[in-house]
Amino acid sequence: MGKPFSSKRILLQLLVLLIVPLSVLAQYTDVINSNRPGLSVSAYAVGRNVVQLEMGLFYEQSDHTLLNTQSDSWGSNFSLRYGLLFERLELNYEGTFQDQDIIYEFFDLKAKRRDFSRNRLGLKYLIYDPYKNPERNKPNLYSWRANHKFQFKNLLPAVSLYAGANFVLGDNPYYPGEPTFSPRVMLATQSRMTPRMVMITNTAYDRIGTDDPELSYIISFSHAFRNPKWSTFLEHQGIQSDRYSDLLLRGGVAYLFNEQLQVDMGLGASFKNTPSRVFVNIGGSYRFDFHKDKLVPIEDQKSNENGGAIKKNSMKKEKRKDRKSRGSGAEDVDLGPSKKQLRKLKKAQKKGNRDDSEIDF
C-alpha cells in the first residue's frame with residue numbers, strides 16, 4: 001500500500017523543485033491586493049467599503065517516518081476581507097476545511113478526519129505607512145536607474161498590527177481538548193524594495209492560553225514581471241510549537257484578469273520528515289469594490305498635498321499679473337480719443353492753419 005503514496009510524493013517533489021526556482025519572488029499588484037496564493041498577510045488593508053473574497057482548493061500528501069503513517073488531504077481555504085470604517089482598518093475571516101485520510105502502516109488501519117483546521121476572525125490596523133509622506137515618493141527626474149534600483153531607505157516598512165481569535169467548534173479532531181476560543185496576535189510589515197519587488201514579513205503568536213501555543217514567522221518576496229498581469233512569489237514559513245513544528249517553502253504565480261479578478265497557483269514542501277509534506281493549490285481572488293473617496297473640506301486639506309501652502313498675498317499678485325497681461329481692459333472697444341489726445345490734435349490743427357495762411361497764392 002506504500003508504493004502509490006511514495007510515487008505520488010516523488011512526483012510532487014519533482015514539480016516543486018522544477019517550478020519553485022522559477023518563482024524567484026510573490027504576487028504583487030497595486031489593484032486587487034490579494035494575499036493569495038501564499039499565507040503571508042499584507043500590511044495594507046483592502047480599502048474602506050471593499051469586500052474581497054480569496055479562496056482556493058488544495059491537495060497535500062504527507063508521510064511521518066516515526067509514526068509510519070501516510071496521508072492524503074483535500075480541502076478548501078478561504079478568506080473574506082472587509083475594509084471597515086476607514087482606510088487603515090480591515091476585518092478578516094480565514095478558514096480551512098480539510099478532509100484527511102490517514103494510513104497507519106504498523107496496524108494496517110485507515111482513519112479519516114474532517115473538520116476546520118483553521119477557523120479564525122480578526123482585525124488588522126495599519127499603524128505606520130512610510131509612503132504617506134509625499135517628499136519620500138518624489139521621483140528622480142534625471143535618472144531612470146535611480147528610480148528602479150534598490151535603496152536602503154526602501155527597507156523602512158509599512159507596519160500593521162493584527163488581533164483576533166481562533167474558534168474550535170464542536171469535537172474537532174485536529175485540536176482535541178482545545179478551548180473554543182483562543183487569542184491570536186501578529187505583526188505584519190511590508191517593504192517595497194523596488195517598483196516591482198515587495199518583501200512581507202509576519203510574526204505571529206497563536207493559540208494563546210492553550211496547552212500548545214504556537215509561534216510562527218513568514219518571510220515572503222514578491223515580484224511583478226514586465227507584463228504586470230503576471231507575478232510570482234517565494235515564501236518561507238517557520239512554525240514552533242509542542243504540538244507541531246516545521247519549516248516550509250512555498251512558491252507560485254498569479255495572473256490578473258482585470259482590476260477585480262486574480263487567479264493563482266502555488267506549490268510547497270517541508271524541510272523535515274516528521275512529517276514530510278508536499279502540497280499544491282489553485283484558486284483566485286475577487287473584489288467587490290464599493291469604495292468611494294471622502295470629500296475633504298478645503299479648510300481641512302493639508303497644504304503640502306495640494307500644490308503647497310497658499311501664501312497671504314498670492315491672490316493679489318495673481319490679480320496684478322492678470323491686469324498687466326490684459327492691459328486696460330478696453331483693447332477691443334473703440335472709446336474715442338482721450339482728453340490729452342484731443343489737446344494734441346487741436347494744437348496740430350492750429351499749427352497747420354498758420355502754415356496754410358503763410359502760403360497764400
Side-chain angles (χ1 to χ4, degrees), residues 12 15-47 50-60 74-83 90 92-96 118 124 131 148 154 157-158 160 188-202 218-237 248-269 277-289 291:
L12 284 171
L15 287 172
V16 171
L17 289 173
L18 287 172
I19 295 178
V20 169
L22 300 176
S23 306
V24 181
L25 299 160
Q27 82 198 57
Y28 172 70
T29 172
D30 293 327
V31 181
I32 194 173
N33 183 26
S34 174
N35 291 327
R36 287 191 55 86
L39 290 183
S40 61
V41 173
S42 165
Y44 292 97
V46 291
V50 172
V51 180
Q52 190 161 303
L53 177 62
E54 305 171 7
M55 64 181 304
L57 302 173
F58 70 88
Y59 168 75
E60 178 178 332
W74 295 88
S76 175
N77 43 41
F78 43 88
S79 173
L80 185 62
R81 304 167 63 186
Y82 175 61
E90 177 182 302
N92 189 358
Y93 168 71
E94 299 170 274
T96 300
R118 182 177 60 162
K124 182 181 68 176
Y131 299 101
H148 290 78
N154 292 337
S160 66
T189 71
Q190 183 167 330
S191 304
R192 189 178 68 178
M193 315 292 285
T194 71
R196 293 184 184 178
M197 185 185 302
V198 170
M199 179 177 72
I200 294 175
T201 68
N202 296 164
I218 295 177
I219 302 175
S220 176
F221 291 93
S222 54
H223 177 69
F225 293 113
R226 288 184 180 275
N227 180 351
K229 289 183 176 290
W230 287 97
S231 57
T232 181
F233 88 103
L234 182 67
E235 181 176 279
H236 168 62
Q237 181 179 18
L248 303 169
L249 181 68
R250 301 183 187 91
V253 293
Y255 179 75
L256 188 69
F257 272 99
N258 53 51
E259 293 181 352
Q260 317 299 340
L261 176 63
Q262 175 185 285
V263 295
D264 57 71
M265 185 195 76
L267 299 169
R277 300 174 60 192
V278 180
F279 39 86
V280 59
N281 66 82
I282 58 172
S285 306
Y286 189 81
R287 182 178 69 169
F288 300 90
D289 192 356
H291 175 79

Please determine whether side chain to side chain donor-acceptor pair (under 3.5 Å) holds for the pair Gln237 and Glu235, giving the CA-CA distance in whole Å, both sets of side-chain angles, and the decisive distance to 0.1 Å.
CA-CA 7 Å; Gln237 181 179 18; Glu235 181 176 279; over 6 Å; no

Are Asn35 and Glu54 close enough that some pair of their side-chain heavy atoms sits under 4.5 Å apart?
yes

What distance do Arg250 atom CZ and Ile218 atom CD1 have between them, rounded to the nearest 0.5 Å?
6.0 Å

So how far is it from Ser160 OG to Asn202 CG, rounded to the nearest 0.5 Å?
8.0 Å

For Ser40 against Ile200, the heavy-atom pair lying closest together
CB-CG2, 4.1 Å

Take Gln262 and Arg287, measure what side-chain contact (heavy atoms from CB on, under 4.5 Å) needs, and give me the verdict at the end.
CA-CA 9 Å; Gln262 175 185 285; Arg287 182 178 69 169; over 6 Å; no

Could you tell me whether a side-chain N or O of Gln52 sits under 3.5 Å from a main-chain N or O of Arg81, the two making a donor and an acceptor?
no

Sole residue of Tyr59, Phe58, Phe279 in ring pair (Phe, Tyr, Trp, His ring centres under 6.0 Å) with Trp74
Tyr59

Indicate the atoms forming the closest heavy-atom contact of Lys124 with Ser42, along with that distance.
NZ-O, 2.6 Å

Has Ser76 got a side-chain atom pairing as donor or acceptor with Leu57's backbone, closer than 3.5 angstrom?
no

If we only count heavy atoms from C-beta on, is the Leu234 to Leu249 side-chain gap below 4.5 Å?
yes

Run the side-chain contact (heavy atoms from CB on, under 4.5 Å) check on Leu39 and Arg118 step by step: do they pass?
CA-CA 12 Å; Leu39 290 183; Arg118 182 177 60 162; 4.0 Å; yes

Shortest non-hydrogen pair, Asn33 vs Ala45, comes out as ND2-O, 3.4 Å

Locate the shortest heavy-atom distance separating Ala158 from Tyr44; write the atom from each residue and the value.
CB-OH, 3.3 Å

To the nearest 0.5 Å, what is the distance between OG (Ser285) and CG (Leu261)?
8.5 Å

What is the distance from atom CD of Gln190 to atom CE of Met199, rounded to the nearest 0.5 Å?
10.0 Å

Taking it one step at a time, do Tyr93 and Phe78 satisfy side-chain contact (heavy atoms from CB on, under 4.5 Å)?
CA-CA 8 Å; Tyr93 168 71; Phe78 43 88; 3.5 Å; yes

With a 4.5 Å heavy-atom cut-off, do Pro228 and Leu256 have their side chains touching?
no

Spacing of NE2 belonging to His223 relative to OG1 belonging to Thr194, to within rounding of 0.5 Å
7.5 Å

Measuring only between side-chain heavy atoms, which start at C-beta, is Ile282 closer than 4.5 Å to Val263?
no

Is the CD atom of Glu259 crowded by more than 12 outside heavy atoms at less than 6.0 Å?
no

If you apply the rule side-chain contact (heavy atoms from CB on, under 4.5 Å), what do you find for Ile32 with Asn258, and how did you get there?
CA-CA 9 Å; Ile32 194 173; Asn258 53 51; over 6 Å; no

